[in-house]
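Some notes on the structure that comes next.
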Amino acid sequence: MIETDDELATFEVKGAAPLPTAARAGFVENDGARIWYASYGSGPAVILLHGGLGNAGNWGYQVPALVESGRHVVVIDSRGHGRSTRDARPFHYAQMADDVLAVMDRLALANAALVGWSDGACTALILADKRPERVSGVFFFACNMDPSGTLEFKPTPVIDRCFSRHRKDYQALSATSDAFDGFVADVSKMMACEPNYTAADLAGIKVPVAVVLGENDEFIKREHADYLARSIPDAELILLPEVSHFAPLQRPEHFNREVLAFLDRL
């Protein structure tokens with residue numbers, strides 16, 4: 001039984017559970033960056049894409065459960081996050097989607113299911129839209145697809161603890177460990193103006209999608225999740241009770257059940 005961590009008190013001090021020993025890990029050179037990945041287990045492929053400012057280690061409670069279910073699990077540090085590098089250009093979600101394809105090509109994955117959290121969900125849906133033949137489904141957690149979908153930012157103790165952990169992890173993992181504040185500013189610029197999907201764009205998405213939101217999400221409007229579920233053909237809406245934007249850390253076993261149930265339906 002994994003302990004709950006609703007206030008992220010454990011996460012702030014220790015991070016998530018450590019990732020298990022990878023079967024394969026390394027870097028892929030792509031479009032001016034070195035993208036770090038790690039691969040675990042065997043079976044149908046699932047790629048976990050973390051949120052903005054985070055890193056692949058934030059999935060420490062999810063990787064073992066997915067491997068145990070008989071799946072090949074891949075985690076990736078997004079461009080400029082964790083161990084992955086970046087160049088001097090601004091961040092763009094479409095570029096991050098291309099980085100995921102580069103990792104898939106390195107691992108010879110014809111297609112994979114994508115579990116995306118926040119910025120990672122956005123990256124996942126863009127990849128599903130542009131390259132549907134490579135994506136078997138998207139578990140789209142805690143994300144918007146246009147800037148109108150976000151709530152006005154209000155700091156909370158939970159957000160502060162998460163941010164504190166992200167700073168420590170960045171300083172420990174990044175090749176530019178002293179550049180956290182500039183990194184935050186650059187990621188925030190991307191979040192403020194991307195993505196910009198219209199209802200017509202969403203209607204063109206051809207892969208199975210679950211739109212998932214914690215009932216207490218601090219960043220995403222509930223009505224935006226409803227709109228996404230209505231606009232993406234055959235999408236299902238899943239609301240997670242008693243959790244917020246940080247459900248994979250707060251109530252890992254509940255989050256994992258929903259992910260596994262979605263993957264089983266594909």
Side-chain angles (χ1 to χ4, degrees), residues 1-17 46 48-54 57-66 68-69 71 73 113-122 124-125 137-146 148-166 191 202 208-232 234-266:
M1 172 102 181
I2 303 170
E3 294 290 316
T4 60
D5 189 21
D6 290 350
E7 300 302 316
L8 298 192
T10 301
F11 180 66
E12 182 183 18
V13 176
K14 298 180 181 175
V46 185
L48 306 181
L49 301 174
H50 64 77
L53 310 183
N58 299 160
W59 294 112
Y61 298 116
Q62 280 68 51
V63 171
L66 287 162
E68 202 173 295
S69 76
R71 291 179 169 88
V73 184
L114 305 177
V115 177
W117 175 359
S118 198
D119 275 11
C122 178
L125 203 61
V138 174
F139 190 89
F140 181 94
F141 173 63
C143 193
N144 59 301
M145 287 308 287
D146 68 69
S148 75
T150 58
L151 295 160
E152 182 188 350
F153 178 71
K154 292 179 181 160
T156 69
V158 169
I159 292 170
D160 290 347
R161 287 185 199 108
C162 184
F163 189 78
S164 165
R165 182 75 247 165
H166 287 338
M191 291 177 178
L202 295 168
V209 176
V211 177
V212 190
L213 191 69
E215 71 172 352
N216 303 320
D217 196 288
E218 298 91 341
F219 299 100
I220 307 300
K221 295 175 181 173
R222 163 65 202 275
E223 56 267 30
H224 188 70
D226 292 338
Y227 156 76
L228 293 176
R230 283 197 313 272
S231 302
I232 298 168
D234 300 319
E236 57 180 316
L237 179 66
I238 299 171
L239 295 171
L240 305 179
E242 299 178 22
V243 289
S244 73
H245 197 74
F246 309 104
L249 302 164
Q250 292 169 319
R251 306 280 178 103
E253 291 186 338
H254 182 191
F255 185 84
N256 295 353
R257 271 198 307 276
E258 295 292 354
V259 170
L260 289 166
F262 171 73
L263 295 174
D264 287 343
R265 290 193 290 276
L266 293 180

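Quick caveat, the model's predicted, so the values are computed rather than measured.
Trp117 is listed as a side-chain neighbour of Pro248, based on a closest heavy-atom distance under 4.5 Å. A heavy-atom distance below 4.5 Å is found between the side chains of Leu125 and Met145. By the 4.5 Å heavy-atom criterion applied to side chains, Val115 and Leu66 are not counted as neighbours. Under the 4.5 Å side-chain criterion, counting only non-hydrogen atoms from C-beta, Met1 is in contact with Glu253. The shortest side-chain heavy-atom distance between Ile159 and Phe153 falls under the 4.5 Å cut-off. The closest side-chain heavy-atom distance from Gln62 to Val259 is not below 4.5 Å.
Of all non-hydrogen atoms in Glu242 and Glu215, the two that sit nearest each other are N-OE2, 2.8 Å. The minimum heavy-atom distance linking Ser244 with Asn216 is given by the pair CB-O, 3.2 Å. Of all the heavy atoms in Cys162 and Leu8, the pair that sits closest is CB-CD1, 3.8 Å. Listed here is the closest heavy atom pair of Ser118 and His245: OG-NE2, 2.9 Å. Among all heavy-atom pairs drawn from Cys143 and Leu228, the shortest one is O-CD1, 3.8 Å.
For the 3.5 Å distance criterion, the side chains of Asp6 and Gln250 fail to qualify, holding no donor opposite an acceptor.
Here the straight-line distance linking atom CG of Leu213 with atom CZ of Phe219 works out to 12.0 Å at 0.5 Å rounding. We find the CG-OG1 distance between Leu249 and Thr4 to be 12.0 Å, quoted to the nearest 0.5 Å. Considering CG of Leu49 and CZ of Phe139, their distance stands at 13.0 Å, rounded to 0.5 Å. Distance check: Thr150 OG1 to Glu152 CD gives 10.0 Å after rounding to the nearest 0.5 Å.
One N or O on the side chain of Asn256 and one on the backbone of Tyr61 form a donor-acceptor pair closer than 3.5 Å. Side chain of Arg161 to main chain of Phe11: no donor-acceptor pair is present (N/O by atom type, distance under 3.5 Å, no hydrogens or angles). The backbone N or O of Asn144 sits nowhere less than 3.5 Å from a side-chain atom of Lys221 that would complete a donor-acceptor pair.
Within a 6.0 Å radius of CD in Glu68, no more than 12 heavy atoms belonging to other residues, nucleotides or ligands are found.
Taking the six-membered ring for Trp and the full ring otherwise, the centers of His224 and Tyr227 sit less than 6.0 Å from each other.
Residues forming a side chain to side chain contact (heavy atoms under 4.5 Å, CB included) with Ala229 (at least two apart in sequence, or on another chain): Val211, Leu237. Taking the side chain to side chain contact (heavy atoms under 4.5 Å, CB included) definition, one finds that Leu240 meets it with Phe141, Val212, Ile238, Val243, Ala247, His254, Phe255, Glu258, sequence neighbours left out. Remark: Leu266 pairs with Ala113, Ser136, Pro208, Phe262, Leu263 by the side chain to side chain contact (heavy atoms under 4.5 Å, CB included) rule, at least two apart or across chains.
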Worksheet item: After noting the C-alpha distance and the side-chain angles of Arg230 and Asp226, does the key distance pass the salt bridge (charged side-chain N to carboxylate O under 4.0 Å, His left out) rule?
Response: CA-CA 6 Å; Arg230 283 197 313 272; Asp226 292 338; 5.4 Å; no

Item to complete: List the steps and the verdict of side chain to side chain contact (heavy atoms under 4.5 Å, CB included) for Asp5 and Phe246.
Response: CA-CA 10 Å; Asp5 189 21; Phe246 309 104; over 6 Å; no

Practice prompt. Applying salt bridge (charged side-chain N to carboxylate O under 4.0 Å, His left out), run through Arg71 and Asp264 and close with a yes or a no.
Written response: CA-CA 11 Å; Arg71 291 179 169 88; Asp264 287 343; 2.7 Å; yes

